[in-house]
**Q** 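Here it is, the structure, as structure tokens.
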Amino acid sequence: DTAVSQTPKYLVTQMGNDKSIKCEQNLGHDTMYWYKQDSKKFLKIMFSYNNKELIINETVPNRFSPKSPDKAHLNLHINSLELGDSAVYFCASSRGQGNNQPQHFGDGTRLSIL
Amino acid sequence: AQSVTQLGSHVSVSEGALVLLRCNYSSSVPPYLFWYVQYPNQGLQLLLKYTTGATLVKGINGFEAEFKKSETSFHLTKPSAHMSDAAEYFCAVNFVPPPGGYNKLIFGAGTRLAVHP
């Protein structure tokens, strides 16, 4: 059983398009995250939700809109894709907001903008 | 400013040799510390963590790390490298108190470990 699953695994699209990435966790966690990993492997948090409520928004362009329909799901919609959006996007989850809680990661979605 | 630094973007060892991957943090209060491993085209897997208690922490796959407050370090070691250990390793920190009050991992830049026969 995959604990944190993301779809799709690969996404190739053209500049200007709109795309979505879905994430689901079956760990019973309350808190979910989106991270961006750039071409140099640097990882940076984008958003965090706790029980469907947005709690972290790290100055991400408003073309990126996360949505959490329930605490097991966190989706990421991206409008008007730009070349700089090419990256690997990781979803993660943790048990609660406490910062001693480890985060569990999905396998990532590799987004390539042509 | 609070930060986390991994010294050495690439480390190469022989199979059977000691693995030492370095991680230092900058903070006046000891943070919570984590090591993650990323195999090619995969997500991040938690290797080990230090939150409280014993400063020598054992993780999966034979890895361990020691929290040294005086050196603000949390270096990752493995006594004997295996070919399957080749991967990218990330040190990650949750500062105390957390900026903004929430669980927000700050990652180091990563260290690519190569293991050769």
Side-chain angles (χ1 to χ4, degrees), chain A residues 2-10 21 23-25 27 29-51 53-60 88-112, chain B residues 2-6 8-10 21 23 25 27 29-53 57 59-60 65 67 74 87-113:
Chain A
T2 303
V4 181
S5 58
Q6 297 179 227
T7 54
K9 192 171 174 66
Y10 298 96
I21 307 171
C23 178
E24 175 182 4
Q25 54 92 5
L27 297 167
H29 288 168
D30 296 319
T31 310
M32 296 184 72
Y33 312 81
W34 278 111
Y35 286 85
K36 180 180 180 180
Q37 185 175 47
D38 64 23
S39 58
K40 295 183 178 176
K41 301 282 189 181
F42 184 68
L43 276 150
K44 191 173 192 303
I45 190 166
M46 300 172 69
F47 301 103
S48 175
Y49 271 74
N50 184 67
N51 277 324
E53 181 185 343
L54 179 67
I55 56 173
I56 295 176
N57 182 340
E58 282 289 296
T59 60
V60 178
V88 182
Y89 293 84
F90 286 100
C91 177
S93 71
S94 68
R95 189 194 310 272
Q97 301 173 47
N99 63 346
N100 60 346
Q101 297 296 322
Q103 295 180 21
H104 300 258
F105 286 77
D107 282 344
T109 296
R110 185 174 296 273
L111 175 62
S112 298
Chain B
Q2 296 173 322
S3 64
V4 55
T5 303
Q6 289 183 242
S9 58
H10 290 81
L21 304 181
C23 175
Y25 65 88
S27 173
V29 177
Y32 299 122
L33 297 149
F34 306 85
W35 274 100
Y36 286 85
V37 60
Q38 184 179 25
Y39 298 103
N41 297 317
Q42 292 188 26
L44 283 81
Q45 182 181 6
L46 180 68
L47 275 176
L48 47 77
K49 63 176 181 175
Y50 172 77
T51 54
T52 58
V57 180
I60 61 170
F67 167 61
F74 190 56
E88 191 91 21
Y89 290 81
F90 292 94
C91 179
V93 172
N94 247 323
F95 290 106
V96 177
Y102 300 110
N103 187 342
K104 187 168 91 167
L105 279 176
I106 306 299
F107 282 87
T111 297
R112 176 159 293 181
L113 175 66

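Protein chains get the first letters and strands the later ones, always in sequence-line order, with residue 1 at the start of each.
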**Q** Could you tell me which non-hydrogen atom of P102(A) sits nearest to which non-hydrogen atom of L46(B), and how far apart they are?
**A** CB-CD2, 3.5 Å

**Q** Please classify the contact between F90(B) and chain A as side chain, backbone, both or neither, with a heavy-atom cut-off of under 4.5 Å.
**A** side chain

**Q** Any heavy-atom pair between the side chains of Q103(A) and F34(B) that's under 4.5 Å?
**A** no

**Q** Check each atom of L44(B) against the heavy atoms of chain A and say whether the ones under 4.5 Å are side chain, backbone, both or neither.
**A** both

**Q** For N103(B) and Q101(A), indicate whether the former's side chain and the latter's backbone hold a donor-acceptor pair under 3.5 Å.
**A** yes

**Q** Please report the shortest heavy-atom distance between F107(B) and F42(A), naming the atom on each side.
**A** O-CE1, 4.0 Å

**Q** If I take atom CD1 from residue I106(B) and atom CG from residue L43(A), how far apart are they, to the nearest 0.5 angstrom?
**A** 11.0 Å

**Q** Against chain A, label Q38(B) side chain, backbone, both or neither, depending on which of its atoms sit under 4.5 Å from a heavy atom there.
**A** side chain

**Q** Relative to chain A, which segment of Y32(B) carries a heavy atom at a distance below 4.5 Å: side chain, backbone, both, or neither?
**A** side chain

**Q** With rounding to the nearest 0.5 angstrom, report the NZ to NZ distance, K44(A) to K104(B).
**A** 6.5 Å

**Q** In Å, rounded to the nearest 0.5 Å, how long is the span from NZ of K40(A) to OG of S9(B)?
**A** 11.0 Å

**Q** Once you round to the nearest 0.5 Å, how far does CG of L105(B) lie from CD1 of I45(A)?
**A** 7.5 Å

